[in-house]
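A quick write-up on the structure given underneath.
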Amino acid sequence: MLEIHYLRENRDAAVDSLNKRCNPEYANHVDAAIELDKEKRSIQTELDGLLAEINKASKEIGGFMKTGKKDEAGSLKNRVAEIKIDSQKLKERQADVEAKLADTLYQIPNTPHESVPAGKSEDDNEEIFRSGDVPALAENALPHWDIASKYKLIDFELGAKVTGAGFPFYTGRGARLQRALINYFLDSARDAGYEEVIPPLVVNEASGIGTGQLPDKEGQMYFIESENLYLIPTAEVPITNIFRDVILAESELPKKVCGYTPCFRREAGSHGKEVRALNRLHQFDKVEVVQIVHPDESYHVLDSMVEHIKGLLENLELPYRILRLCGGDLGFTSALTYDFEVYSAGQKRWLEVSSVSNFETFQSNRLKCRFRADEKKNQLVHTLNGSALALPRILAAILENNQSETGVAIPKVLQPYSGFNNIEFSGKQLRNLKFDLENNSLDSQMVAEFMQTEREAVNKVIQSIEQLKTSKTVTKKKAAIWEPKIDSVINALKAKE
RNA sequence: GGAGAGGUGGCCGAGUGGUUUAAGGCGCACGCUUGGAAAGCGUGUUUCUUCGAAAGGGGAACGGGGGUUCGAAUCCCUUCCUCUCCGCCA
């Protein structure tokens with residue numbers, strides 16, 4: 001919520017800035033708010049005068065009662081009763097005007113920063129940085145959902161059975177890779193000076209209002225009716241609300257907090273190819289970073305958050321670009337947002353993996369988060385946050401960009417966390433394959449994978465065997481048992497062909 | 001889920017209708033004192049809002065909301081939260 005005194009004193013600048021969002025309604029709301037504020041203050045001045053009279057008279061009555069002057073007290077009571085009628089009327093008008101003012105202010109989004117380009121849609125966003133080369137993949141490169149199914153990393157059908165569409169199971173190495181990403185992101189955030197928290201995954205209404213999800217955007221969140229609580233759409237909500245109704249000492253700034261949480265989003269009405277598989281989910285994992293800072297510092301801090309996220313993506317060796325969102329695409333609460341997109345080579349498209357924003361005082365005004373400035377009035381802090389990072393699309397890009405004949409290469413920086421360097425057909429999958437062959441119930445898709453060409457199939461299996469032999473997690477004894485079985489798979493495959 | 005006790009300035013804590021302009025203590029800040037410190041003494045120490053150039057006035061807030069009253073921290077209703085005991089339970 002914008003501060004009314006800011007609008008009062010900077011009406012034209014605010015309107016100019018809001019116009020970059022390409023919605024003429026906002027200017028009208030600003031003028032309406034200024035009018036309502038004027039009315040509200042004049043009512044208050046009048047009301048305060050009446051209340052002062054009542055207070056004064058009540059004290060006099062108290063004095064009369066003590067000294068037993070009942071008549072004087074009685075006539076004064078009558079006078080107070082008259083004033084009270086007027087003051088009641090004013091109170092009602094005041095409540096009415098205040099509600100209208102609040103309503104109007106809730107409808108005005110944040111004023112875009114001077115660097116934000118005017119624009120209507122994402123087409124007007126400004127690319128400000130690009131890094132990394134798009135990998136040259138083979139003709140038959142797969143999208144991530146096929147890779148995930150090939151190596152049994154994610155089970156979308158199982159999630160749909162147990163819960164519903166958009167709630168996948170991550171399985172085996174898929175689950176371990178998720179955990180690796182979470183740990184890598186959290187360690188990086190800690191290195192950057194953030195304090196780690198594990199927040200609640202449900203929040204109350206006041207918290208939803210504090211960060212701006214409520215009152216307008218409740219359609220985004222899952223709501224637990226019996227408890228009156230909302231599932232968080234992002235860790236931003238519980239983490240930023242730590243500072244709701246808090247007055248910090250200036251020396252406590254900046255506050256830097258990070259947290260990993262699952263995020264829950266209803267995404268009502270979005271279906272189709274664009275949002276298939278990992279591209280959009282109802283539940284996904286994210287590490288979020290939040291900063292509460294001195295107003296003079298917030299844009300430097302925004303830059304430092306951008307650098308932090310650039311570092312993550314560079315270490316993951318993913319091609320990415322940074323967009324400065326135009327007015328029309330900018331979130332309601334944000335003054336300046338940079339979106340990070342990675343290139344996902346299997347789908348040949350850019351996927352948003354992070355959004356870093358400076359909210360200036362828009363959130364802190366609702367949160368009532370202030371700091372004690374020396375010799376001055378308490379001032380609202382600036383709040384910022386960013387995804388560092390959202391996992392599903394990162395996983396999609398890793399799977400798609402790093403795929404090859406022999407599997408999916410895990411980025412070096414993740415290997416200490418994942419415990420494996422490459423995702424390929426596992427010994428278990430090969431054993432299952434043998435079992436299926438013997439029972440003549442071989443999965444046809446799997447055969448197709450193996451049998452694309454004889455050479456490819458044999459090479460793939462031989463490489464897998466070599467990998468198994470050298471793999472730290474497989475003992476020699478186990479390898480000795482598997483080897484003849486795998487040989488029989490190769491033979492069976494050849495025979496089948 | 002059942003029974004009970006509570007929610008008061010940064011903290012502890014007094015306060016059952018009218019000098020509450022929220023006692024007292026702790027903490028903190030400044031001053032006096034001191035060679036320096038401690039102790040002692042003194043002064044100050046919530047937030048929001050409104051009028052005002054300022055000095056300085058006014059109004060509101062004792063978990064939240066509503067009510068009774070000329071007047072509410074205090075009485076009534078409602079709601080949220082905390083604690084204790086019992087039950088259940090990872």
Could you give the distance separating [M] and [N] at their [atom1] atoms, to the nearest angstrom?
N	M	atom1	result
B:G17	B:C70	C1'	12 Å
B:C75	B:U8	P	16 Å
B:C83	B:U78	P	24 Å
B:A55	B:U69	P	41 Å
B:U43	B:G24	P	11 Å
B:G10	B:G64	P	13 Å
B:C86	B:A14	C1'	33 Å
B:G52	B:A37	C1'	46 Å

Legend entry - Within residues 80-91 of chain A, residues whose heavy atoms come under 4.0 Å of RNA chain B: A:Val80, A:Lys84
Legend entry - Side chain to side chain, A:Asn385 and A:Phe359, heavy atoms closer than 4.5 Å: yes
Inset, instruction - Indicate yes or no: at least one non-hydrogen side-chain atom of A:Gln213 is less than 4.5 angstrom from one of A:Glu236. - result: yes
Roughly how many Å is it from [atom1] in [X] to [atom2] in [N], rounded to a whole number?
X	N	atom1	atom2	value
A:Asp48	B:A60	CG	C1'	8 Å
A:Gln94	B:C48	CD	C1'	13 Å
A:Lys40	B:A60	NZ	C1'	12 Å
A:Glu205	B:U79	CD	C1'	13 Å
A:Phe371	B:U47	CZ	P	14 Å
A:Leu47	B:A61	CG	C1'	15 Å
A:Lys56	B:G57	NZ	P	16 Å
A:Glu53	B:A60	CD	P	13 Å

Inset, instruction - Could you pull out all residues at least two apart from A:Arg11 that satisfy side chain to side chain donor-acceptor pair (under 3.5 Å)? - result: A:Asp31
Legend entry - Partners passing side chain to side chain donor-acceptor pair (under 3.5 Å) against A:Thr111 (at least two apart in sequence or in another chain): none
Legend entry - Test side chain to side chain donor-acceptor pair (under 3.5 Å) applied to A:Ser298 and A:His113, A:Gln291, A:Glu360, A:His382, the passing residue: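 Between A:Ser298 and the candidates, side chain to side chain donor-acceptor pair (under 3.5 Å) is satisfied uniquely by A:His382.
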Between [options], which nucleotide has the shortest distance from any of its atoms to the side chain of [X]?
X	options	result
A:Asn378	B:U50, B:U47, B:G59	B:U47
A:Thr45	B:U47, B:C51, B:G59	B:C51
A:Leu51	B:A60, B:U47, B:G58	B:A60
A:Ser58	B:A60, B:C70, B:G58	B:C70
A:Arg370	B:C51, B:G59, B:C48	B:C48

Legend entry - Phosphate contact (B:A60 OP1 or OP2) by A:Asn55 side-chain N/O below 4.0 Å: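 The answer is yes; a side-chain N or O of A:Asn55 sits under 4.0 Å from OP1 or OP2.
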Legend entry - Phosphate-side-chain proximity, A:Arg372 and B:U47, N/O vs OP1/OP2 below 4.0 Å: yes
Inset, instruction - Would you mind classifying the nucleic acid contact of A:Ala57 as base, sugar-phosphate or nothing, using non-hydrogen atoms under 4.0 angstrom? - result: nothing
Inset, instruction - Could you walk me through whether A:Phe371 and A:Leu380 pass the side-chain contact (heavy atoms from CB on, under 4.5 Å) test, one step at a time? - result: CA-CA 6 Å; A:Phe371 71 99; A:Leu380 293 172; over 6 Å; no
Legend entry - Test: A:Asp146 and A:Lys150 ion pair at under 4.0 Å: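 No, this pair does not count.
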Inset, instruction - Kindly assign one of parallel, tilted or perpendicular to the pair A:His282 and A:Tyr222, based on the angle between their ring planes and the thresholds 30° and 60°. - result: perpendicular
